[in-house]
Amino acid sequence: MAEPLLQTRGITKSFGALKASDAISLDLRPGEIHALIGPNGAGKSTLIKQIAGNMQPDSGTVHFLGQDVTALDTVARARLGLGRTFQISALAMDFTVLQNAVLGALGARGDVMRFFRPVMKDRTLVARAHEALERVGLQDHAAMRTAELSHGQRRQLEVAVALTLKPKAFLMDEPMAGLGAGGSKRLTGFLDGLRAEAPILLVEHDMDAVFALADRISVLVYGQVIATGTAAEIRANPEVRRAYLGEEDAA
Ligand SMILES: Nc1ncnc2c1ncn2[C@@H]1O[C@H](COP(=O)(O)OP(=O)(O)O)[C@@H](O)[C@H]1O
Ligand SMILES: [Mg+2]
């Protein structure tokens, strides 16, 4: 079996009396989409934040590309190649689509905002930004103000921004949220192709997308991973059906 690119070991995080992450160990292997599902409040976003470096675990470790990155911040992890889709608020609404993509590419080089104007003349960065926009199908919107994009297009732009960093693995927290059927379908198709180049740890509520895409699924309930397996294994797992799918008598 392929060596995991990304691995958490015993990640534990409490908020007061609440254990939001309870000794979570999971991994992401080359080429796969590993979906993380579970009811609201199960601790999915909390785990993603700890893997991305936005939040420190109380205990446990995160390994990426064979390196212990637990002590590194988000920027350092992103530079190593850990990509993450941003929340919509991370996009600068008054900037053009292209400028947002260039800002993303800039993160890879570790430059800073005050050099922004000259940066728009940096052909390498601009080319990389255009390439990312093209991959998500936004090339014709490059000059548009980000505020004028539809919700679905902003989601595409978030993925493009992440792509400019040329990530070796992706973390995505509910990328389909708020997309209509057409948008979800397009994004599903895109993620399907993306996995070969960068595996994805995917938190998603859209079960059609999850079951269509995931090579493996982990189920998180009250901060604990209660099962990991293929879609078929997860569907058939009595504990999952009881705890998550809400069945009274699944046995
Ligand atoms: N910063 C925080 N402070 C206190 N409680 C939090 C914080 N972040 C999340 N929680 C709580 O931790 C639990 C898990 O939240 P979250 O990870 O957002 O769940 P999910 O993404 O699975 O819906 C919830 O009960 C939530 O209220
Ligand atoms: Mg969440």
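Just so you know, these numbers come straight off a predicted model, no measurement behind them. Read the numbers this way: they start at 1 and go in the same order the structure lists the ligands and their atoms. Residue numbers count from 1 along this sequence.
Applying the under-4.5 Å side-chain rule to Ile, Leu, Val, Met, Phe, Trp and Tyr, the cluster around Phe15 extends to Leu18, Met55.
Neighbours of the Mg ion (ligand 2) restricted to protein N, O or S atoms under 2.8 Å: the count is 1.
In plain terms, the two heavy atoms of Ile217 and Ala231 that are nearest each other are CD1-CA, 3.8 Å. The nearest pair of heavy atoms linking Leu220 to Ala42 is O-CB, 3.3 Å. Taking both residues in full, the closest heavy atoms of Pro4 and Pro30 are given as CA-CD, 4.5 Å, listed atom of the first, atom of the second, then distance.
Glu32 pairs by the salt bridge (charged side-chain N to carboxylate O under 4.0 Å, His left out) definition with Arg216, not counting sequence neighbours.
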Which pairs of N or O atoms, one from ligand 1 and one from the protein, are separated by less than 3.5 Å, and what is the distance for each pair?
unit_1   : atom_1 : unit_2 : atom_2 : d
ligand 1 : 17 (O) : Ser45  : N      : 3.4
ligand 1 : 17 (O) : Thr46  : N      : 2.9
ligand 1 : 17 (O) : Thr46  : OG1    : 2.6
ligand 1 : 19 (O) : Gly43  : N      : 3.2
ligand 1 : 21 (O) : Ser45  : N      : 2.9
ligand 1 : 21 (O) : Ser45  : OG     : 3.0
ligand 1 : 22 (O) : Ala42  : N      : 3.2
ligand 1 : 22 (O) : Gly43  : N      : 2.9
ligand 1 : 22 (O) : Lys44  : N      : 2.8
ligand 1 : 22 (O) : Lys44  : NZ     : 2.8
ligand 1 : 23 (O) : Gly41  : N      : 2.7

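A salt bridge links Asp215 with Arg195: the closest approach of a Lys/Arg side-chain nitrogen to an acidic carboxylate oxygen falls below 4.0 angstrom.
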Self-check item: Candidate pair Leu98 and His130, rule side chain to side chain contact (heavy atoms under 4.5 Å, CB included), full reasoning
Solution: CA-CA 7 Å; Leu98 180 65; His130 273 298; 3.7 Å; yes

Exercise. Take Val136 and Phe190 through the side chain to side chain contact (heavy atoms under 4.5 Å, CB included) test and state the conclusion after the steps.
Key: CA-CA 7 Å; Val136 302; Phe190 180 71; 3.9 Å; yes

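Results of the side chain to side chain donor-acceptor pair (under 3.5 Å) test with Ser21 over Gln224, Gln50, Lys49 single out Gln50 as the only residue that passes.
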